[in-house]
Amino acid sequence: MLIKHEIARLVADATARALEEGDLPPLALPEVTVEHPAREEHGDYAASLPMKLARAARSDPLAVAEAIARHIRPSDAIAEVVVAPPGFINFRLGDAWLARQIDAILAQGERFGDVPLGQDQRFQVEFVSANPVGPLHVGNGRGLAIGDTLASVLAAAGYAVEREYLVNDAGTQTETFASTLYARYQQLFGREVDIPEGGYPGHYVVELAEELKAEQGEAFLRPPGEPWPPELHDVGVAKMLAIIRNDLAAIGVNYDAWFNEKSLYTAAGPYERAMELLREKGVVTEKEGAIWFTSSALGEDKDNVLVRSTGSPTYFASDIAYHYDKFLLRGFQRVIDVWGADHQGHVPRMQAAVAALGVDPERLDIIVYQLVTLRRGAEIVRLSKRTGEMITLGEVVEEVGADACRFFFLARSADSHMDFDLELAKEQSAENPVYYVQYAHARIAGILGHAAEEGVEYADGDLALLTHPAELALIRKMLLLPEVVEAVALTLEPHHLPHYALELATVFHDFYEKCRVVSDDLPLSKARLKLVAACRATLARTLGLMGVSAPVRM
RNA sequence: GCCCCUGUAGCUCAAGCGGACAGAGCGGCUGCCUUCUAAGCAGCUGGCUGCAGGUUCGAGUCCUGCCAGGGGCACCA
């Protein structure tokens with residue numbers, strides 16, 4: 001159990017005893033939590049419970065704090081319990097206990113940070129899922145960093161997590177894409193055709209057409225004026241998808257599943273079954289030749305079309321079928337979808353649809369991240385796939401580096417609108433926060449390498465020798481990792497991770513300046529080697545959760 | 001017009017469920033390498049948390065109104 005929870009329990013138990021013995025008047029006990037005081041002199045943890053109870057106890061918060069504090073049982077972890085105005089109970093961890101935690105961290109190695117929140121419940125995180133009609137852009141990068149890290153953190157929190165990419169290969173967009181590709185293809189054979197209305201003007205389609213011509217010659221050519229051959233759709237989508245997968249690989253994402261939208265539409269498949277279920281639930285109606293989800297009766301602004309009057313299903317219907325598949329067919333306990341803000345209007349009706357399928361909407365979390373503005377200095381670069389000019393994620397990764405990209409995307413909360421200034425990202429590459437963290441890891445690797453060269457074995461190091469404030473500060477910070485993992489898993493806000501990484505690196509660099517590790521003092525050297533070995537594991541785990549590399553040399 | 005997000009230092013952003021004196025990085029200025037990595041450290045500079053009310057023992061955080069910016073309101077996805 002995390003020390004944070006142990007302390008909260010000590011406070012709860014003490015309060016219960018104070019109530020039993022009449023030191024406090026009868027009152028209902030709220031959930032007890034502890035927090036980290038902002039100021040160091042207030043200790044490691046603080047309980048503000050007395051201030052919350054003061055009114056019900058009709059007493060002074062300070063008196064309540066003292067009544068509770070009197071009943072706190074001693075713990076070997078806690079060196080000091082202090083009551084402080086206006087009504088806090090402050091706890092300070094003991095130096096010896098802190099030092100002993102190093103062995104616990106070393107024993108866990110790079111599993112340190114795991115937290116027993118889940119018991120292997122199956123979770124799915126679906127992210128990016130960009131339509132295979134163009135290369136990934138910077139906004140996709142943000143979704144990628146958020147989704148991938150969330151998946152890693154949830155796995156560390158004890159859930160069985162699957163990463164999934166939905167390939168939208170059944171909608172009108174890939175049809176338009178195929179038309180565009182065919183137009184470009186024909187142009188290569190000297191035909192004067194324009195790309196279709198609403199098509200994709202980007203140069204990459206020309207490149208794909210050239211590739212097609214080089215590989216297949218005129219095999220896809222039809223007489224002028226005739227529609228493109230049906231095979232072209234899948235061939236084109238496959239080529240686009242290959243480019244996307246390549247970009248994803250460059251930034252280091254590994255999906256467990258690639259789900260084809262088309263597979264929803266097999267006979268008696270998810271689409272048909274989901275629609276049937278909605279009909280059974282009585283949330284479907286027909287009007288103006290189309291089939292509608294009667295979401296306005298469920299508190300929504302308006303109804304939404306499921307099947308167009310042409311008979312083809314909308315994106316909304318497709319997504320309902322997809323979530324039917326996730327929840328009812330594959331049985332995920334919880335599904336986390338990571339969407340860009342341009343889809344936020346889709347959130348309430350999706351939640352309503354999931355509820356209509358009989359699934360507790362609490363099981364569906366939709367993380368909406370705000371859009372990214374890409375700029376070069378003062379010049380704003382448009383993100384739209386529909387304009388010819390765009391900077392792809394692949395190009396950004398090449399320019400800025402995968403590690404810096406991920407860290408940058410991750411460091412801002414999903415709710416914040418972010419600017420990605422390429423000029424700045426490049427200029428700052430040496431001053432980038434990610435290198436600050438990685439440098440701490442590389443420094444430790446250097447120290448451990450140096451110790452090995454000097455033949456210093458430290459397995460028997462005596463941790464009791466670690467008493468320097470910088471050493472203890474480092475241990476304190478390391479012990480926070482499980483708390484951060486727990487917080488991220490609970491709030492689904494991965495931006496806490498890079499901020500923690502920065503704090504940990506700061507405390508390490510401070511320690512490094514103040515404490516020489518390998519010195520003439522062999523016992524102290526051994527103890528400090530244990531300390532930095534544990535710190536290396538903590539840094540590596542933190543970086544690993546973010547998908548950022550932990551270099552041994554820089 | 002309605003809905004979602006945001007407004008915190010010159011810039012980019014933090015601030016777990018409301019807690020003690022709002023923090024980092026970058027920028028600017030000043031110092032520190034015969035030593036395990038100077039991609040580092042120490043110090044200085046910097047704030048009416050958009051504005052006005054309200055709730056509370058306590059508000060950057062919650063509520064209401066206003067102002068400003070981004071996004072969304074299709075038989076597109």
Side-chain angles (χ1 to χ4, degrees), chain A residues 30-31 33 35-39 41-42 46 48 51-52 54-55 60-61 84-88 90 130-131 133 168 171-173 176 198 288-292 301-302 304-316 318-319 340-348 368-371 373 408 411-421 424 427-440 442-451 453-454 483-484 486-488 490-491 493 495-496 498-499 502-503 505-506 508-510 512-514 516-519 525 528-529 532 553-554:
Chain A
E31 197 198 343
T33 57
E35 59 218 47
H36 293 281
R39 299 175 68 81
E41 60 262 35
H42 292 142
S48 55
M51 288 178 284
K52 295 185 172 94
R55 177 181 288 262
D60 175 44
F88 289 101
N90 294 332
N131 291 342
V133 296
N168 287 101
T172 54
Q173 293 213 1
T176 308
E288 297 155 20
I291 296 171
W292 300 69
D301 292 349
K302 54 180 171 24
N304 294 99
V305 173
L306 292 169
V307 185
R308 302 182 183 93
S309 46
T310 61
S312 68
T314 61
Y315 161 78
F316 181 42
S318 200
D319 231 10
D342 52 339
H343 286 68
Q344 35 127 310
H346 187 54
V347 173
V368 172
Y369 61 88
Q370 297 302 312
L371 267 24
T373 306
F408 188 86
R412 277 102 181 130
S413 84
D415 284 339
S416 84
H417 307 267
M418 66 180 279
D419 276 7
F420 196 124
D421 186 338
L424 210 65
E427 264 176 34
Q428 291 184 352
S429 62
E431 289 296 325
N432 200 302
V434 69
Y435 298 108
Y436 181 82
V437 179
Q438 289 179 316
Y439 186 58
R443 266 186 156 174
I444 296 175
I447 294 169
L448 294 174
H450 176 74
E453 275 170 30
E454 302 282 313
E483 288 185 21
V484 173
E486 188 182 73
V488 171
L490 253 21
T491 61
E493 291 174 354
H495 70 273
H496 298 296
H499 288 278
L502 242 20
E503 287 174 18
T506 300
F508 169 75
H509 287 308
D510 180 62
Y512 181 89
E513 293 296 321
K514 290 175 176 154
R516 170 95 196 166
V517 177
V518 180
S519 68
S525 297
R528 286 183 171 167
L529 281 165
V532 298
R553 207 174 302 113
M554 283 176 77

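None of these values were measured; they are calculated from a predicted model. All values below come from the heavy atoms of this structure, side chains included, with hydrogens, waters and symmetry mates left out. Residue numbers start from 1 in every chain, and the chains themselves are labelled A, B, ... in the order their sequence lines are given, proteins ahead of strands.
- Nucleotides B:C13 and B:G7 place their P atoms 10 Å apart, quoted to the nearest Å.
- OP1 or OP2 of B:A39 has not a single side-chain nitrogen or oxygen of A:R443 nearer than 4.0 Å.
- One cannot find a donor-acceptor pair under 3.5 Å joining the base of B:A42 and the side-chain atoms of A:D510.
- Distance noted for atom C1' between B:A15 and B:G54: 24 Å (whole Å).
- If you take atom C1' in B:U49 and the same atom in B:A14, they sit 13 Å apart, rounded to whole Å.
- Rounded to a whole Å, the NE2 atom of A:H346 is 14 Å from the P atom of B:A74.
- Contact between the side-chain N/O atoms of A:H36 and the OP1/OP2 oxygens of B:A15 is not found at any separation under 4.0 Å.
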Legend entry - Bracket string, RNA chain B, 5' to 3' - pairs by Watson-Crick or G-U geometry under 3.5 Å, | interstrand: (((((((..((((.....[...))))((((((.......))))))....(((((..]....))))))))))))....
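- Taking atom P on both nucleotides, B:G71 is separated from B:U56 by 39 Å, rounded to a whole Å.
- One can place OH of A:Y512 at 10 Å from P of B:A39, the figure rounded to the nearest angstrom.
- In terms of phosphate contacts, A:S416 brings a side-chain nitrogen or oxygen within less than 4.0 Å of OP1 or OP2 of B:A14.
- Remark: C1' of B:C73 and CG of A:N304 are 11 Å apart, rounded to the nearest angstrom.
- The separation of B:U6 from B:A24, taken at their P atoms, amounts to 24 Å, rounded to a whole angstrom.
- Put simply, A:T172 has a side-chain N or O that comes within less than 4.0 Å of OP1 or OP2 on B:A77.
- Where A:H343 and A:L448 meet RNA chain B, the nucleotide closest to each residue was compared, and A:L448 sits on the side nearer the 5' end.
- Stacking between A:H42 and B:A20 is present: the aromatic ring centre lies within less than 5.5 angstrom of the base six-membered ring centre, and the two planes differ by under 30 degrees.
- Projected onto RNA chain B by closest heavy-atom contact, A:V518 and A:F408 fall at different nucleotides, the more 5' of which corresponds to A:F408.
- As rounded to whole Å, 14 Å separates atom P of B:G27 from atom CG of A:D421.
- Straight-line distance between the C1' atoms of B:G69 and B:U8: roughly 16 Å, to the nearest whole Å.
- Separation of the P atoms belonging to B:A22 and B:C26 is 22 Å when rounded to the nearest angstrom.
- A tilted orientation is assigned to the rings of A:H346 and A:Y315, their planes being inclined by 30° to 60°.
- Every residue two or more places apart in sequence or in another chain was checked for a side chain to side chain donor-acceptor pair (under 3.5 Å) with A:H42, and none qualifies.
- Counting any heavy atom pair closer than 4.0 Å across all strands shown, A:Y436 reaches sugar-phosphate atoms only and no base atom.
- Using a 4.0 Å heavy-atom cutoff across all strands shown, A:N90 reaches at least one base atom of the nucleic acid.
- Contact between the side-chain N/O atoms of A:Y439 and the OP1/OP2 oxygens of B:A39 is found at a separation under 4.0 Å.
- Between the side chains of A:R443 and A:H509, at least one donor-acceptor pair of N or O atoms lies under 3.5 Å.
- As a whole-Å value, the separation of A:N168 CG from B:A77 C1' is 7 Å.
- If you check every strand for non-hydrogen atoms under 4.0 Å, A:E288 touches a base.
- At B:A14, one or more side-chain N or O atoms of A:S413 fall inside 4.0 Å of OP1 or OP2 (strictly under the cut-off).
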